[in-house]
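Scope of the values below: all heavy atoms of this structure, side chains included, with no hydrogens, waters or symmetry mates. All chains are named by letter (A, B, ...) in the order of the sequence lines, taking the proteins before the strands, and each is independently numbered beginning at 1.
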Amino acid sequence: AQKVTQAQTEISVVEKEDVTLDCVYETRDTTYYLFWYKQPPSGELVFLIRRNSFDEQNEISGRYSWNFQKSTSSFNFTITASQVVDSAVYFCALSYGNQFYFGTGTSLTVIP
Amino acid sequence: DTGVSQNPRHKITKRGQNVTFRCDPISEHNRLYWYRQTLGQGPEFLTYFQNEAQLEKSRLLSDRFSAERPKGSFSTLEIQRTEQGDSAMYLCASSLGDRGRGEKLFFGSGTQLSVL
């Protein structure tokens with residue numbers, strides 16, 4: 001069975017602090033994809049990153065970085081120098097076949 | 001606007017009434033998905049279409065739910081005899097349907113259903 005766990009329900013940080021959002025997944029499949037989506041108050045989920053199971057190289061995009069470790073089945077997301085606009089709910093998701101399995105999300109609040 | 005469009009944004013209905021939601025995907029996308037999201041939860045898969053064919057349905061999709069995608073363009077999701085437990089955000093997503101390659105989903109802003 002596929003499962004995604006985001007243990008952090010809510011996180012608050014002060015602007016300019018770094019913050020890491022944790023994601024742990026379960027799957028028996030060797031070929032799968034991992035995603036992070038951002039859901040601002042407007043409701044629309046916005047794609048942030050996609051990673052396939054054969055590519056463990058970490059990625060950096062501006063203030064965002066992702067750490068994928070198959071050994072611990074984790075795909076963590078770090079925001080450096082957080083900004084108020086980063087306030088949103090962030091979802092980690094596992095894709096296998098035709099379905100996405102989303103975690104329960106982490107609500108991030110960045111305090112000015 | 002070339003994104004995924006959903007209408008209405010909000011729907012309030014009384015228990016027992018029927019409701020219908022519409023989704024217009026990104027024009028060149030051949031796959032269309034419906035998800036349901038309740039407060040504090042991630043989106044849960046309901047069903048998806050490849051062009052006009054409905055290829056998969058979740059066990060969450062009871063007999064009161066029906067989805068269509070005539071001509072492989074827009075899609076509608078109808079809920080008959082609504083129940084209070086149907087209250088949720090209904091999200092539509094579309095993709096290019098590059099099967100097996102971790103297709104990226106593009107989501108609409110959703111339709112928030114409240115059943116009184």
Side-chain angles (χ1 to χ4, degrees), chain A residues 1-11 21-27 29-55 59 66 68 75 88-108, chain B residues 1-10 23 25-26 29-50 53-61 88-113:
Chain A
Q2 332 290 338
K3 184 180 178 181
V4 176
T5 300
Q6 295 181 255
Q8 304 152 308
T9 305
E10 297 180 359
I11 300 177
L21 309 182
D22 298 333
C23 173
V24 174
Y25 63 93
E26 295 177 28
T27 181
D29 304 298
T30 57
T31 302
Y32 53 89
Y33 292 81
L34 296 166
F35 293 76
W36 275 95
Y37 277 85
K38 174 182 180 181
Q39 188 175 40
S42 62
E44 178 179 340
L45 280 94
V46 177
F47 167 84
L48 294 178
I49 189 172
R50 170 179 55 195
R51 174 70 65 211
N52 75 55
S53 53
F54 299 106
D55 182 3
E59 184 162 337
W66 291 269
F68 176 27
F75 186 43
V89 181
Y90 291 85
F91 290 96
C92 180
L94 169 69
S95 172
Y96 172 72
N98 300 313
Q99 291 196 27
F100 272 61
Y101 301 87
F102 285 87
T104 51
T106 297
S107 177
L108 174 65
Chain B
D1 185 8
T2 57
V4 177
S5 177
Q6 291 188 248
N7 288 289
R9 285 299 309 276
H10 304 275
C23 172
I26 294 172
H29 286 183
N30 57 5
R31 283 198 174 188
L32 186 147
Y33 296 76
W34 285 99
Y35 282 81
R36 181 171 69 186
Q37 185 179 18
T38 53
L39 195 62
Q41 300 296 316
E44 295 176 298
F45 170 80
L46 292 178
T47 187
Y48 93 92
F49 293 82
Q50 175 89 24
Q54 188 173 17
L55 297 184
E56 193 168 341
K57 293 193 290 187
S58 164
R59 289 173 297 173
L60 294 175
L61 212 64
M89 174 78 83
Y90 290 84
L91 295 165
C92 177
S94 68
S95 74
L96 283 171
D98 198 358
R99 181 172 182 170
R101 295 184 59 185
E103 59 198 86
K104 183 168 60 175
L105 298 185
F106 293 80
F107 284 86
S109 297
T111 294
Q112 181 66 53
L113 174 66

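In terms of heavy-atom pairs under 4.5 Å with chain A, the best-connected choice from B:Gly40, B:Ser58, B:Gly110 is B:Gly40. Here B:Gln41 is the residue among B:Gln50, B:Gln41, B:Glu44, B:Gln6 with the most heavy-atom pairs under 4.5 Å with chain A.
Here the side chain of A:Tyr37 pairs a donor or acceptor atom with the backbone of B:Leu105 at under 3.5 angstrom. Remark: side-chain polar atoms of A:Ser53 are paired, donor with acceptor, to backbone N or O of A:Tyr32 under 3.5 angstrom.
A:Asn52 is linked by a side-chain contact (heavy atoms from CB on, under 4.5 Å) to A:Tyr33, A:Phe54, A:Asp55, counting only residues two or more places apart in sequence or in another chain. Scanning for ring pair (Phe, Tyr, Trp, His ring centres under 6.0 Å) contacts around A:Phe35 gives A:Phe100, with sequence neighbours left out.
Contacts of B:Leu91 with chain A are made by side-chain atoms alone, with heavy-atom separations under 4.5 Å and no backbone atom involved. Neither the backbone nor the side chain of A:Gln6 comes within contact range of chain B; no heavy atom of the residue lies under 4.5 Å from a heavy atom of that chain. Of the two parts of B:Glu56, only the side chain, counted from C-beta on, holds a non-hydrogen atom closer than 4.5 Å to a non-hydrogen atom of chain A. When heavy atoms are compared at a cutoff of 4.5 Å, B:Gln112 does not approach chain A at all. For A:Tyr101, no part lies near chain B; criterion is any non-hydrogen pair under 4.5 Å.
Annotation: side chain of A:Gln2 is in contact with side chain of A:Asp29 (closest heavy-atom distance under 4.5 Å). Between A:Trp36 and A:Tyr90 there is a side-chain heavy-atom pair separated by less than 4.5 Å.
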